[in-house]
Amino acid sequence: MTISTAARSRSSKPFMLTLVCALLLNGCGSSSNSDRHNSSATETNNNGTDNVENMPVSNPSDSSPNPESPIDDKVQPTETPLPENVDDAFNTAKQLFESGDYNNALTAFESFVQQFPSSTLADNGQLYIGRSHLQLDALQDAHKALSRVENDYVDSDVLDAMLYWRGRVYAEQNNFSASTSTFRNLLQTYPSYLDADDAQYYIGRNFQQEQRFLLARDEFAKVIAQYPTSNWADNALYQTGTTYFDQGDFQTAISTFEQVIQDYPGSSSADQAQYQIGQSHAAMPIPDFSKAREAYQLVISDYSDSTWVDNAQYQIGRSFQSEGNFERAIREFNLVLTNYPLSSAADEAQYQIGETYLLLATPNFDKARAAYQTVLTDYAISIWADNAQYKIGRTFYDAGNYHQALSAFGLVLEQYPNENAADDASYYLGRSHHKLKAYSEARTVYQTVVDNFQGSIWSDNALYQIGMTHYDAANYTDAIAVFENVLKQFPQSSSEDISLYYLGRSHHRLSDFVTARDFYRSVINLTTDGTWADDASYQIGKTYYDTSDFNRAIPELTNMLDGYPESSRAGEAQYYIGRSHHRLLNYSAALASYEAVITQHPNSTFNDNAQYRIGLVYHDLNDFDNELVAMEKLVSDFPDSSFVPHAKRRILLIQQGLNR
């Protein structure tokens with residue numbers, strides 16, 4: 001069996017990014033005492049999926065402000081003198097808010113409340129202070145400002161709006177329970193609240209965020225039933241579909257998304273619903289990529305102005321990639337780059353071109369490397385840049401160019417020390433040193449993975465590889481200490497079985513055969529169908545062979561063949577059964593075993609050994625004619641074998657009659 005350098009594969013980033021779609025927040029109403037928000041604009045929804053492989057990538061063209069998550073860049077406040085007239089002062093501050101200049105709006109509203117504390121607009125000003133803090137993501141300050149509305153203006157007619165925004169602040173803090181309670185209090189206390197549909201919708205969104213999907217659907221149904229003309233009705237139906245998607249009920253999700261398109265054809269949710277139909281087909285247990293592509297293509301053809309068209313084109317490429325149609329996938333990813341060069345999907349499409357070249361039956365490392373390099377040069381601030389640099393290193397590593405790999409992995413750590421790919425790069429930096437037999441350097445790097453990336457999936461592998469550097473350098477006592485430490489620090493990790501196996505191998509190398517057998521049996525007991533169980537079973541038989549206990553070796557190796565007939569060690573085990581019989585002078589059994597190596601395990605690396613040993617058995621039997629046939633077969637069938645010179649010498653001796 002070829003020894004694996006890592007117990008599992010690892011992708012440092014998911015292939016897709018979650019697209020957090022913005023909610024459009026319109027401006028405020030009049031400047032009267034009843035001035036309140038108008039949040040009833042149509043929401044551009046998050047698709048709500050937890051399936052990373054099928055999430056849409058982010059899209060910078062969707063730049064509308066998001067009341068679910070304040071995202072506006074902070075602007076340093078400047079001195080904005082307030083007019084002496086109350087209405088003018090309020091409207092000046094309000095215009096700053098509506099223009100998105102929340103820092104200066106905050107300063108203006110604070111000055112307004114301080115300058116006109118007795119104004120009938122003071123409560124509204126205090127409300128806007130809270131809203132400004134919310135937009136600036138200063139959530140604790142937002143809470144304090146909204147509480148002042150409640151405490152300082154007990155007769156205010158914006159107390160209903162204060163409750164609404166308090167609910168929104170709680171939601172931003174992920175305190176969904178408090179948010180829901182606040183919205184329910186609002187609807188109960190102020191049933192005629194202007195934006196009651198908003199509050200009802202956000203109750204559903206809170207339950208959705210808590211993954212209480214049945215309750216979320218009940219709340220979304222109330223929005224549709226109680227507020228049929230609401231701007232949130234289409235969003236409510238769309239989010240109902242995403243709850244089914246999140247639960248893995250993709251067929252019901254598809255039906256719901258189709259209903260969104262049918263009932264609200266002109267809404268901003270229709271294109272998202274069409275996109276999610278594609279996502280649902282692709283996410284099924286048995287994906288229907290053909291139908292997924294049909295849905296994505298409809299996004300492109302029927303909603304050409306949609307912010308989802310670039311994502312749809314990208315997903316078409318991903319569907320072909322998932323089907324193994326790699327050439328077509330590359331063409332589709334290139335269409336993203338050609339048709340939507342400014343899309344936020346472009347960098348990921350470029351990255352996936354590199355990934356696809358590596359998926360070919362014969363990986364094209366050069367083209368993959370060029371694609372990753374383009375990510376670095378054309379999309380320098382992409383979130384895929386660190387991964388691209390890491391993958392450049394992997395193309396060198398996988399091609400056996402370890403010196404170039406060292407340089408590429410070093411750049412990851414130099415340029416992206418705090419990004420996701422740093423632990424991957426550190427681990428493979430160590431592997432590259434290891435491959436170059438620079439064991440001391442390898443150990444140093446592996447130790448940094450253990451020390452600096454304690455949550456990494458590579459930590460246990462790194463510690464195991466420290467043990468392997470000692471093993472490969474024949475420092476078996478040191479190797480044993482490290483492998484035991486792996487078992488202590490990382491119990492039940494994917495490195496457990498391989499560490500047990502190499503504990504056995506290390507004791508085996510030290511001729512401590514009894515202890516070696518104990519560890520080999522531990523590997524088998526851990527899981528009989530584990531990656532290393534067949535190797536361990538083989539090595540148990542080999543310990544008996546190595547101590548010349550051939551009568552014990554034969555049944556142990558036979559058990560290995562019975563238990564793991566498809567093992568890459570099977571030919572080797574069959575060979576040593578033959579060798580054991582040979583040493584016991586059981587010539588017929590030895591011949592049968594050697595012949596079985598060649599006939600039953602044609603790909604075994606021990607076939608030339610077995611053919612040579614067949615000749616030696618005949619030699620021991622003084623059957624020189626059959627010995628000659630066996631040796632000539634070795635020369636003809638295995639011309640590159642190291643046994644050929646020996647065979648040719650035997651052929652010459654037999655032909656000269658020196659052994660007759």
Using every non-hydrogen atom in the two residues, find where [X] and [Y] come nearest and quote the distance to one decimal.
{"X": "Ser604", "Y": "Val597", "result": "OG-CG1, 4.4 Å"}
{"X": "Val449", "Y": "Ser459", "result": "O-OG, 4.0 Å"}
{"X": "Val412", "Y": "Ala421", "result": "CG1-O, 4.0 Å"}

Parallel, tilted or perpendicular: rings of [Y] and [X] (30°, 60°):
{"X": "Tyr427", "Y": "Trp458", "answer": "parallel"}
{"X": "Tyr351", "Y": "Tyr372", "answer": "tilted"}
{"X": "His434", "Y": "Tyr446", "answer": "perpendicular"}
{"X": "Tyr545", "Y": "Tyr576", "answer": "perpendicular"}
{"X": "His507", "Y": "Phe519", "answer": "parallel"}

Would you say [Y] and [X] are linked by a side-chain donor-acceptor pair, where the criterion is simply a distance under 3.5 Å?
{"X": "Tyr538", "Y": "Glu572", "answer": "yes"}
{"X": "Gln352", "Y": "Gln321", "answer": "yes"}
{"X": "His582", "Y": "Arg613", "answer": "no"}
{"X": "His433", "Y": "Tyr402", "answer": "no"}

Partners meeting side-chain contact (heavy atoms from CB on, under 4.5 Å) with [X] (sequence neighbours left out):
{"X": "Val629", "answer": "none"}
{"X": "Glu496", "answer": "Leu487, Gln492, Leu500, Leu526"}
{"X": "Arg328", "answer": "Phe320, Asn325, Arg331, Glu332"}
{"X": "Ala473", "answer": "Tyr439, Asn475"}

Throw together a table of side-chain donor-acceptor distances under 3.5 angstrom for residues 287-295, partners on residues two or more places apart or in other chains.
| unit_1 | atom_1 | unit_2 | atom_2 | d |
| --- | --- | --- | --- | --- |
| Asp288 | OD1 | Ser290 | N | 3.4 |
| Asp288 | OD1 | Lys291 | N | 3.1 |
| Arg293 | NH1 | Ser319 | OG | 3.0 |
| Arg293 | NH1 | Glu323 | OE1 | 3.0 |
| Arg293 | NH2 | Glu323 | OE1 | 3.2 |

Ring pair (Phe, Tyr, Trp, His ring centres under 6.0 Å) partners of Phe396, counting only residues at least two apart: none
Under the side-chain hydrogen bond (donor to acceptor under 3.5 Å, both in side chains) rule, collect the residues that match up with [X], sequence neighbours excluded.
{"X": "Asp347", "value": "Ser382"}
{"X": "Asn525", "value": "none"}
{"X": "Ser548", "value": "none"}
{"X": "Asn334", "value": "none"}

Sole candidate of Tyr544, Tyr501, Phe513 that passes ring pair (Phe, Tyr, Trp, His ring centres under 6.0 Å) when paired with His508: Phe513
Pairs involving residues 545-562, ordered by first then second residue, that meet salt bridge (charged side-chain N to carboxylate O under 4.0 Å, His left out) (sequence neighbours left out):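 As it turns out, the salt bridge (charged side-chain N to carboxylate O under 4.0 Å, His left out) pairs with a partner in residues 545-562, which skip direct neighbours, are Lys542-Asp546.
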Row check, Tyr428 ring normal vs Arg394 NZ/CZ: under 6.0 Å, within 45°: yes
Aromatic ring proximity Tyr314/Phe333, centre distance under 6.0 Å: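 They qualify: ring centres under 6.0 Å apart.
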Pair Tyr464 and Phe483, ring centroids less than 6.0 Å apart: yes
Ionic contact status for Asp535 with Arg569, cut-off 4.0 Å: yes
Non-neighbouring partners of Asp366 that pass salt bridge (Lys or Arg N to Asp or Glu O under 4.0 Å), sequence neighbours left out: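 Counting only residues at least two positions away or on another chain, Asp366 forms a salt bridge (Lys or Arg N to Asp or Glu O under 4.0 Å) with Arg369.
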